[in-house]
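A short write-up of the structure that comes next.
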Amino acid sequence: MIIWLASYPKSGNTWVRLFLNSLIIAPNDELNINSIKIDQFPTRKYLQNFTNNTDDIQEIIKNTNNAQSEINSDNKIRFFKTHSAFWKISKYSFTDDKNTIGTIHIVRDPRNVITSIKNHYNHESYERALQFIKDEDKTIGEKGSKRGEDLPTIVSSWKFHYNSWKSITSFKSKYILIKYENLLNNPIDEFTKIAEFIKKIAPIKFNEKNILKAIENTSFENLKKQEELKGFKEAPKNNNKFFYLGPKNDWKDFLNKNIKDEIEVSFKDEMKDLGYL
């Protein structure tokens with residue numbers, strides 16, 4: 001069964017994934033950001049048994065749950081990172097309660113997401129980055145790429161993405177919402193919250209000492225230092241840094257009034273729901 005780490009791009013998913021890798025997957029190893037044992041889904045390797053064309057979004061839609069069923073055939077607990085929205089198209093959906101045991105849903109203030117989107121996808125302006133986060137039909141990925149994680153992935157808009165994962169609270173599977181800002185401001189409380197949630201839904205054991213060590217290992221400064229020394233294989237191809245601004249990414253320092261206002265109008269209800277407005 002799968003525990004999802006679900007988020008819109010550039011919202012803290014990799015940070016949580018590194019924390020869980022340090023806490024559960026490799027608790028006795030030194031942190032190595034280029035050796036994360038929590039995969040992304042979907043990727044080409046998980047779909048190649050079901051379609052000959054992993055660049056075809058319709059083939060991906062039809063076979064996403066089939067791939068998850070194959071992954072779950074050994075009845076083991078696995079964590080997967082995903083940037084996919086929780087889409088439902090015809091009789092197909094991104095996942096279901098037969099394949100999912102729980103979801104850690106990570107969200108971030110879209111006024112800060114936009115700066116990281118601009119950096120990661122090398123947009124020449126905030127206007128272009130704004131188009132990205134508002135696009136209901138947005139997919140990421142690169143057709144023909146040799147990188148397994150670069151297949152077409154439906155992310156939609158920031159608004160749809162947030163609402164789509166929030167809606168799965170009606171599933172039998174468990175769900176927890178984590179705000180990126182709380183990870184920054186109260187890392188011990190928030191990462192402990194994640195750890196305790198996992199304890200409730202899966203037979204995984206660790207103690208407070210393990211949690212504190214994993215938090216220390218995966219501080220933003222440690223991650224940034226590792227990327228500077230060793231590089232990071234998940235960094236954008238444009239040579240921009242993956243671990244970019246972190247706690248220094250404050251929309252007040254970067255956004256002009258027009259961009260800020262358009263984000264707040266476009267995502268007003270969701271931002272109020274999350275306490276961003």
Side-chain angles (χ1 to χ4, degrees), residues 1-8 10-41 43 68 71-72 74-83 95 99-108 149 165 168-169 171-235 242-244 246-247 249:
M1 296 288 283
I2 296 169
I3 300 174
W4 296 106
L5 311 181
S7 76
Y8 197 74
K10 309 310 298 178
S11 298
N13 199 313
T14 295
W15 190 9
V16 175
R17 186 165 55 128
L18 282 160
F19 165 75
L20 292 176
N21 194 82
S22 185
L23 176 66
I24 297 169
I25 311 299
N28 299 314
D29 296 346
E30 289 188 20
L31 178 68
N32 181 348
I33 63 173
N34 289 306
S35 182
I36 310 175
K37 297 180 175 65
I38 296 176
D39 278 353
Q40 181 169 315
F41 187 94
T43 57
Q68 292 173 29
I71 291 166
N72 286 325
D74 61 7
N75 294 315
K76 291 182 178 180
I77 302 289
R78 287 183 176 83
F79 294 90
F80 276 104
K81 164 187 175 177
T82 189
H83 288 318
T95 191
N99 285 310
T100 296
I101 192 176
T103 301
I104 300 168
H105 182 194
I106 308 145
V107 297
R108 186 182 189 184
E149 62 271 22
W165 280 101
I168 68 163
T169 52
F171 269 32
K172 296 177 182 178
S173 56
K174 304 296 188 298
Y175 168 97
I176 187 173
L177 179 69
I178 298 294
K179 291 167 66 174
Y180 177 86
E181 294 76 18
N182 292 343
L183 293 173
L184 283 177
N185 298 325
N186 300 293
I188 293 177
D189 289 348
E190 207 67 8
F191 279 112
T192 299
K193 181 179 171 182
I194 294 171
E196 292 302 319
F197 169 75
I198 292 166
K199 272 187 178 180
K200 290 179 182 178
I201 64 172
I204 299 173
K205 295 182 179 181
F206 41 79
N207 56 39
E208 184 179 357
K209 184 179 178 181
N210 301 138
I211 296 170
L212 294 175
K213 181 183 177 183
I215 292 171
E216 181 181 358
N217 284 347
T218 56
S219 71
F220 184 81
E221 289 307 315
N222 281 348
L223 301 179
K224 188 169 184 176
K225 185 177 180 180
Q226 276 217 18
E227 183 176 15
E228 289 171 353
L229 292 173
K230 303 177 182 179
F232 185 36
K233 64 184 181 181
E234 297 181 23
F242 187 94
F243 299 104
Y244 177 43
N249 184 359

For Asp189 and Asn182, run side chain to side chain contact (heavy atoms under 4.5 Å, CB included): C-alpha distance rounded to whole Å, both residues' side-chain angles, the deciding distance at 0.1 Å, then the answer.
-> CA-CA 8 Å; Asp189 289 348; Asn182 292 343; over 6 Å; no

Compute the ring centroids of Tyr175 and Trp165, then answer whether they are less than 6.0 Å apart.
-> no

Do Thr95 and Thr100 meet the criterion of a side-chain donor-acceptor pair at a distance under 3.5 Å?
->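 Present: a donor and an acceptor within the cut-off.
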
Without hydrogens or angle criteria, can the side chains of Lys81 and Thr14 be said to hold a donor-acceptor pair below 3.5 Å?
->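 Yes, because at least one side-chain N or O of Lys81 sits under 3.5 Å from a partner of the opposite role on Thr14.
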
Is there a side-chain contact between [X] and [Y] in this structure, where contact means two heavy atoms from C-beta onward sitting under 4.5 Å apart?
{"X": "Phe19", "Y": "Leu183", "result": "no"}
{"X": "Gln68", "Y": "Phe80", "result": "no"}
{"X": "Lys179", "Y": "Arg108", "result": "no"}

I need the [X] [atom1] to [Y] [atom2] distance, nearest 0.5 Å.
{"X": "Asn72", "Y": "Ile2", "atom1": "CG", "atom2": "CD1", "answer": "4.5 Å"}
{"X": "His83", "Y": "Leu5", "atom1": "NE2", "atom2": "CG", "answer": "10.0 Å"}
{"X": "Glu216", "Y": "Thr218", "atom1": "CD", "atom2": "OG1", "answer": "9.5 Å"}
{"X": "Leu177", "Y": "Thr103", "atom1": "CG", "atom2": "OG1", "answer": "11.5 Å"}
{"X": "Ser22", "Y": "Phe191", "atom1": "OG", "atom2": "CZ", "answer": "10.5 Å"}
{"X": "Asn13", "Y": "Tyr180", "atom1": "CG", "atom2": "OH", "answer": "12.0 Å"}

Which pairs of donor and acceptor atoms, one on a side chain in residues 192-203, lie under 3.5 Å apart (sequence neighbours left out)?
residue: Thr192; atom: OG1; partner: Ile188; partner atom: O; Å: 2.5
residue: Lys199; atom: NZ; partner: Phe206; partner atom: O; Å: 3.2

Backbone of Leu23 reached by a side-chain donor or acceptor of Asn210 within 3.5 Å |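 No; judged by distance alone, with no hydrogens or angles, the pair does not exist.
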
